Amino acid sequence: MTDCLFCKIVQRKLPARIVHEDEKALAFEDVNPQAPLHVLVIPKKHISTSLEAAPDDNELIGHLLRIAAGIARERGFAERGFRLVMNTNPEAGQTVYHIHLHLLGGRKMHWPPG
Ligand code: DGP
């Protein structure tokens, strides 16, 4: 999608600190980190919110989760723990309308989240 920030990162029209790439997904450091580890995992395909994910995307969504867990494990957060979040629409705080899994770790997380 031409106007989408994260599609531009996929197409290398915008810079990002990429930590993982494969045929279907990209992971990069969040520009405004909320924890010592804050990586965004996205599908290369444009899906604007979790509500637009289709049955055909089941494998892709699972793939994003496994990439995030793999990065957490590689960075040493498996035992300590980490958080995976996907905000959907304004009240949840979604600001970029291309689905992304936030991988957060390296500090004590609060529950319920703010
Ligand atoms: P959300 O609020 O859930 O839609 O999260 C969007 C995240 O994207 C937010 O944590 C900041 C991050 N972000 C926004 N613009 C950029 C960018 O240009 N580059 C990178 N690396 N992250 C961005």
Side-chain angles (χ1 to χ4, degrees):
M1 197 190 234
T2 48
D3 258 4
C4 170
L5 195 65
F6 287 175
C7 285
K8 287 181 182 163
I9 289 178
V10 170
Q11 295 157 10
R12 305 299 202 275
K13 291 180 179 165
L14 283 176
R17 295 177 60 184
I18 293 169
V19 301
H20 171 91
E21 180 167 24
D22 61 42
E23 196 188 331
K24 295 188 180 298
L26 194 67
F28 50 92
E29 307 279 356
D30 194 293
V31 78
N32 183 24
Q34 301 301 312
L37 171 68
H38 191 170
V39 166
L40 303 174
V41 186
I42 71 168
K44 288 187 169 177
K45 168 186 172 180
H46 183 86
I47 301 172
S48 54
T49 81
S50 63
L51 294 163
E52 274 71 44
D56 277 355
D57 298 319
N58 285 355
E59 194 176 325
L60 179 60
I61 305 295
H63 185 54
L64 303 182
L65 187 143
R66 283 180 38 75
I67 290 167
I71 295 168
R73 185 185 287 113
E74 279 168 24
R75 303 270 187 107
F77 291 96
E79 291 212 358
R80 286 177 65 182
F82 55 90
R83 186 167 286 176
L84 301 178
V85 174
M86 186 178 287
N87 297 322
T88 299
N89 276 341
E91 214 162 283
Q94 185 174 5
T95 57
V96 178
Y97 281 76
H98 179 132
I99 60 167
H100 46 281
L101 202 50
H102 292 260
L103 163 60
L104 297 143
R107 67 169 170 80
K108 177 78 179 145
M109 302 287 164
H110 305 289
W111 195 263

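First listed ligand is number 1; within each ligand, the first listed atom is number 1. Owing to the predicted nature of the structure, the values given are computational and were not obtained by experimental measurement.
Near Phe6, the atoms of ligand 1 lying under 4.0 angstrom from a non-hydrogen atom of the residue are 8 (O). The distance from ligand 1 to the heavy atoms of Glu29 drops below 4.0 Å at these ligand atoms: 21 (N). Taking a cut-off of under 4.0 Å to the non-hydrogen atoms of Phe28, the atoms of ligand 1 that pass are 20 (C), 21 (N).
Nearest protein heavy-atom neighbour of atom 2 (O) of ligand 1: Gly93 O, 2.7 Å. Protein heavy atom nearest atom 16 (C) of ligand 1, with residue, atom name and distance: Val31 CG1, 3.6 Å. For atom 4 (O) of ligand 1, the closest non-hydrogen atom of the protein is Thr95 N, 2.7 Å. Considering only non-hydrogen protein atoms, atom 9 (C) of ligand 1 sits nearest to Asp30 OD2, 3.3 Å. Counting only heavy atoms of the protein, atom 5 (O) of ligand 1 lies nearest to His100 NE2, 3.0 Å. Distance from atom 18 (O) of ligand 1 to its nearest protein heavy atom, with residue and atom name: Leu5 CD2, 3.9 Å.
Side-chain atoms of His38 come within 3.5 Å of backbone atoms of Gln34 as a donor-acceptor pair (strictly under, hydrogens ignored). At least one donor-acceptor pair under 3.5 Å links the side chain of Arg83 to the backbone N or O of His110. Between the Glu79 side chain and the Gly81 main chain, no donor and acceptor come within less than 3.5 Å of each other. For the pair Asp22 (side chain) and Ala25 (backbone), a donor-acceptor distance under 3.5 Å is present. Lys24 contributes no side-chain N or O that, together with a main-chain N or O of His63, makes up a donor-acceptor pair within less than 3.5 Å.
Taking a 4.0 Å cut-off on heavy atoms, Leu14 fails to register as neighbouring ligand 1. Every heavy atom of Met86 sits 4.0 Å or more from the atoms of ligand 1.
Between Phe28 and Val39, the closest side-chain pair of non-hydrogen atoms is not below 4.5 Å. Here the side chains of Val41 and Leu26 are not in contact, with every heavy-atom distance at 4.5 Å or above.
Residue Leu40 has no N or O atom closer than 3.5 Å to an N or O atom of ligand 1. Between Asn87 and ligand 1, at least one pair of N/O atoms sits closer than 3.5 Å.
Residues Thr88 and Thr49 bring no donor and acceptor atom of their side chains to less than 3.5 Å of each other.
The heavy atom nearest to atom 3 (O) of ligand 1, out of those in His102, Gln94, His98, is found in His102.
Taking the six-membered ring wherever Trp is involved, the centroid distance between the rings of His98 and His100 does not fall below 6.0 Å.
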